[in-house]
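Heads up, the thing below is written out as C-alpha cells.
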Amino acid sequence: MGEATPFLPGALPGDTADPGRALFALVARLFPICRSITGEGVRKTLSILSEHIDIAVREVRTGTQVFDWIVPQEWTVRGAVLRTASGRTIVDFASSNLHLVNYSEPVSRRLSLEELRPHLHTLPDQPDLIPYRTSYYARDWGFCMAHRDYLALPDEEYEVIIDTELADGTLTYGEVFLPGETDREVLFSAHICHPSLANDNCSGLAVLTLLAQTLAQRRNRFGYRFLFAPGTIGSLCWLAANEGATHRIDHGLVVSCIGDGGGPVYKRSRRGNAVIDRTIDAVRCDGQRVATVDFSPFGYDERQFCSPGFNLPVGLLQRSAFGTFPEYHTSADNLDLVQPQYLASSFRMILDIVEALEGDWLPLNLSPKGEPQLGRRGLYSTTGGHKVTSDVTIGYLWVLNLADGTHTLLDIARRSGLSFRDIAEAAARLKACGLLGVAGGSP
C-alpha cells in the first residue's frame, strides 16, 4: 500500500492546507441546488463532483422494474408561489427550495384557506423553521412554511401556481470505481437526492468526494466503489444492475449527516459482526470513540444493502444520527450547522477506517517466552518506577502478548481499547526491531 495522501493540492476549492475549509467550500457550492430522486438537480450535482473525481454517470429509464419498485417519472421544477388574492406573496420556491413539497405535481388554482390547509406543512414545535417533505410515489402537491407564518394566514382566497412537470425520462446516479490489487471491494455510498440540507447530505457527498480523490492517488489492496445515488430507488437501481457482482463487497459504509459536531454514531450491518462493524471500535474521531447501535431496518440505503436477499456487510456512519438532532429535515440544516472542523475530522475518521481495512495483518511474536527486553531496543524508558505507563508502551505490550498467530492487529486494538493507528504503529516498530514476524504472509 502506498503512502496516504491526506489532501491533494488544487483538487478541491479553498485552502488546500486545510481539508475542512475545502470540504466546506464544496458543501456550500452544493447546498443551493434543488435535488430530488430524479432530474437536473442530481445531474448538476454530479457534474460538480466530477470536477474532482472521475464519475461514471448512469441513467435508468422511467418505468424500469428494479425488484419490487418501478423507476418513477422524472420531475422538473421551474418555480412555485403561493399568493393571496390581492397579490401578496406568502411562499416562494425561489427563496427556499424546501418551500415546495418535493415531487409536487403542477397546479394553477384559486383556493379558499380551508381548501388550502391540507396542502400546507409546518412544524408547530419549531415555528420558525421550514420542514422538508416529499411525495415521490403519490401524485400530490403542497407547500412547506414556518408555522408562525401559517398561523397568520388571513381567511381569504389564495392563488396557487406550481410550475412543475412529471414526464418520462431517467433516474440518474453516479459511480466511481478504483481498482485494487485484489478483486475484493469496499463500498461507500451517499444519497444525492436531498435539496438544500447541508448536513443531510451535502456533507456526505463532499467527504466521499475527497476520499475517492485521495484513494485514487494510492495503491490499495481493495478496490473502492463510490455510489452517489438517490435514496432507496437509486441504490436499488445499482443493486439490480450489479446483483451478480455484490459477492465481491467485503466491507461497506453508507455516509450521511457527517458535517455537524455530534456523535459520531455507527449503526452496525445486519450481520452485526462483520469486519466493518468491528473496525469501528478501533477508530477515533478527534480522540473520541464512535458510539455504536444495532442494525434496524429504518434509515438510509444500508436498508437496501442489508436486505435479506443481499445481506451485505454495510453499516451507516454519521455524526448526529438521523432524526435525533433538531435541525434534521428542516431549514435549520444549513451552512451554520455544518462546520469545517467537523468535516475535516469526519474525513480523517473515515480515512482511518480505510487504513485499518488496508493495513490489518496477523503478527507473530518471535520472542514469546516472557516479555522481551524493550529497553535495550530503545522501546522502553531506561528509568523504571513510573506511576503511569505510556500508551506507546501499553501498545507494545498488548501487541506482544496477543501476537500468537491468531489475533490480527484489529483484534488487538479492539481488545486493548487502543486505536488501530496506535496498535499498527507499535507493531511496525516491533517488527522493525525483529520482535515480530508475520503469520501467513506479509502485511
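Because the structure is predicted, anything quoted here is derived from the model rather than measured.
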(request) Taking only Lys NZ, Arg NE, NH1 and NH2, and the carboxylate oxygens of Asp or Glu, determine whether Arg29 and Glu51 approach each other closer than 4.0 Å. (result) yes
(message) Side chains of Ser256 and Gln318: any donor to acceptor distance under 3.5 Å?
(response) yes
(request) Write out all pairs satisfying side-chain hydrogen bond (donor to acceptor under 3.5 Å, both in side chains) with one or both partners inside residues 334-343, taking only residues at least two apart or from two chains. (result) none
(message) Distance alone, cut at 3.5 Å: any donor-acceptor contact between the side chains of Tyr150 and Arg117?
(response) yes
(request) Decide whether Glu59 and Thr172 meet the rule of one side-chain donor and one side-chain acceptor closer than 3.5 Å. (result) yes
(request) Salt-bridge test for Arg268 and Asp294: reply yes if a basic N is under 4.0 Å from a carboxylate O, no otherwise. (result) yes
(request) Over all heavy atoms of both residues, which pair between Cys237 and Val71 is shortest? Give the atoms and the distance, please. (result) SG-CG2, 3.8 Å
(message) Test side chain to side chain donor-acceptor pair (under 3.5 Å) on Asp92 and Ser95; report intermediate values, then the result.
(response) CA-CA 6 Å; Asp92 191 344; Ser95 65; 5.7 Å; no
(request) Drop me the distance from Asn102's CG to Ile37's CD1, to the nearest 0.5 angstrom. (result) 8.0 Å
(message) Between Arg319 and Asp260 (salt bridge meaning N to carboxylate O under 4.0 Å), is one present in this structure?
(response) no
(request) Output the distance between atom OG (Ser203) and atom CG (Leu26), rounded to the nearest 0.5 Å. (result) 11.0 Å
(message) Going by side chain to side chain contact (heavy atoms under 4.5 Å, CB included), name the residues that satisfy it together with Ala146, two or more places apart in sequence or in a different chain.
(response) Asp149
(request) Applying salt bridge (Lys or Arg N to Asp or Glu O under 4.0 Å) between Glu159 and each of Arg83, Arg109, Arg88, report the one that passes. (result) Arg83
(message) For the CD atom on Gln65, are there more than 12 heavy atoms of other groups (residues, nucleotides or ligands in this structure) within a distance under 6.0 Å?
(response) yes
(message) Looking only at side-chain N and O atoms, does Arg78 offer a donor or acceptor that is under 3.5 Å from a partner on Thr164?
(response) no
(message) If you count every heavy atom of other residues, nucleotides or ligands that lies below 6.0 Å from Asp168 atom CG, does the total exceed 12?
(response) yes
(request) Only pairs at least two apart or in different chains count here, so list each ring-ring contact (aromatic ring centres under 6.0 Å, His included) that has a residue in residues 274-303. (result) His191-Tyr300, Phe298-Phe322, Tyr300-Phe322
(request) Work out which heavy atom in Pro72 is nearest to a heavy atom in Ile233; give both atom names and the distance. (result) CD-CG1, 4.3 Å
(request) Would you mind checking if Glu185 and Arg248 are paired as a salt bridge, meaning a charged N to carboxylate O distance below 4.0 Å? (result) yes
(request) Verify the distance criterion only: is there a donor paired with an acceptor across the side chains of Ser196 and Asn97 at less than 3.5 Å? (result) yes
(request) Output yes when Glu355 and Arg218 qualify as a salt bridge under the 4.0 Å nitrogen-oxygen rule, no when they do not. (result) yes
(message) Would you say Asp301 and Ser235 are linked by a side-chain donor-acceptor pair, where the criterion is simply a distance under 3.5 Å?
(response) yes
(request) State plainly whether the residues Arg421 and Asp352 are in salt-bridge range, i.e. N to O under 4.0 Å. (result) yes
(request) State whether Arg43 and Glu74 are salt-bridged, where the test is any N-O pair (Lys NZ or Arg NE/NH1/NH2 against Asp/Glu carboxylate O) under 4.0 Å. (result) yes
(message) Applying side chain to side chain contact (heavy atoms under 4.5 Å, CB included), can you list everything that pairs with Thr408, at least two apart in sequence or on another chain?
(response) Asp360, Leu362, Leu410, Asp411
(message) Taking ring pair (Phe, Tyr, Trp, His ring centres under 6.0 Å) as the criterion, tell me which of Trp238, Phe188, Phe177 meets it with Phe226.
(response) Phe188
(request) Answer with yes or no whether the side chains of Gln304 and Ser307 bring together a donor and an acceptor at under 3.5 Å. (result) no
(request) Would you kindly say whether Tyr266 and Asp277 are connected by a side-chain donor-acceptor distance under 3.5 Å? (result) yes
(request) Could you pull out all residues at least two apart from Arg133 that satisfy side chain to side chain contact (heavy atoms under 4.5 Å, CB included)? (result) Val101, His121, Leu123, Pro131, Cys144
(message) Arg278: which residues meet the side chain to side chain donor-acceptor pair (under 3.5 Å) condition with it, sequence neighbours left out?
(response) none
